[in-house]
Amino acid sequence: MPKEKATRKTKAKAVSDGGKKKKDPNAPKRGLSAYMFFANEQRDNVREENPGISFGQVGKVLGERWKALNPKQREPYEAKAKTDKQRYEDEKASYNANDEEEDEE
DNA sequence: CCACTGATTGTTCCC
DNA sequence: GGGAACAATCAGTGG
């Protein structure tokens, strides 16, 4: 097998009830992924080139196109993802700061 | 120290 | 509103 990530759709039910990776209290939801931004733009383009296609096809072609793109093409998307990540960092910072003390609300 | 795994995010589709 | 294929990503925990 080339590469089968058995680590997918984990949200199904990570650990039964062990409670190993306790979710963060404030959970600074990470920034979006490059794919998220890519989909935001391509979603329009893809649907335009494939009028009347179902989500199943859209999602698939979307992923294929994404990989079909060159690193330089993903640059703008990765750049956005990076920007979002920075936002996430800010949340993480506040989340960490809150951990110490500081009570705003 | 390194690896993995779990959690998250956004799109569209239909119920 | 949510679940599901599509991909990325990152932080925390374990050995």
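In what follows, chains are A, B, ... by sequence order, proteins preceding strands, each numbered from 1.
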A/Asn45 CG to A/Glu49 CD distance, which is reported to the nearest 0.5 Å = 5.0 Å

Value rounded to 0.5 Å, distance of OG in A/Ser54 from CD in A/Gln57 = 4.5 Å

Which side-chain hydrogen bond (donor to acceptor under 3.5 Å, both in side chains) pairs, counting each pair once, include a residue from residues 68-90 of chain A, with sequence neighbours left out?
->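 Every side-chain hydrogen bond (donor to acceptor under 3.5 Å, both in side chains) pair that includes a residue of residues 68-90 of chain A, provided the two are not neighbours, is A/Lys85-A/Glu89.
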
Within the modelled atom types, does a donor on one side and an acceptor on the other bring the side chain of A/Arg30 and the base of C/dT9 under 3.5 Å apart?
->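 Check passes, donor-acceptor contact within cut-off.
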
Interatomic distance where NZ belongs to A/Lys92 and P belongs to B/dT8 [whole Å] |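 Going from NZ in A/Lys92 over to P in B/dT8 covers 16 Å.
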
Under 4.0 Å, heavy atom to any atom of DNA chain B: which of [range] qualify?
range: residues 47-58 of chain A; value: A/Arg47, A/Phe55
range: residues 33-46 of chain A; value: A/Tyr35, A/Met36, A/Asn40, A/Arg43
range: residues 59-88 of chain A; value: none

Nearest heavy-atom pair of A/Ala81 and A/Ala34: which atoms, and what distance?
->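 For A/Ala81 versus A/Ala34, the nearest heavy atoms are CB-N, 3.5 Å.
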
Might you point out which heavy atoms bring A/Lys92 and A/Pro28 nearest each other, and give the distance in Å?
-> N-CB, 3.7 Å

4.5 Å side-chain heavy-atom contact, A/Arg65 and A/Phe38 =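 A side-chain contact exists here, since the closest heavy-atom pair is under 4.5 Å.
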
Helix axis bend for the helix from B/dC1-C/dG15 to B/dC15-C/dG1 - C1'-based end axes, five pairs, 10° rounding =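 Axis angle across the helix from B/dC1-C/dG15 to B/dC15-C/dG1, nearest 10°: 40°.
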
Note: with side-chain heavy atoms under 4.5 Å as the link, the other cluster members for A/Phe55 come out as none

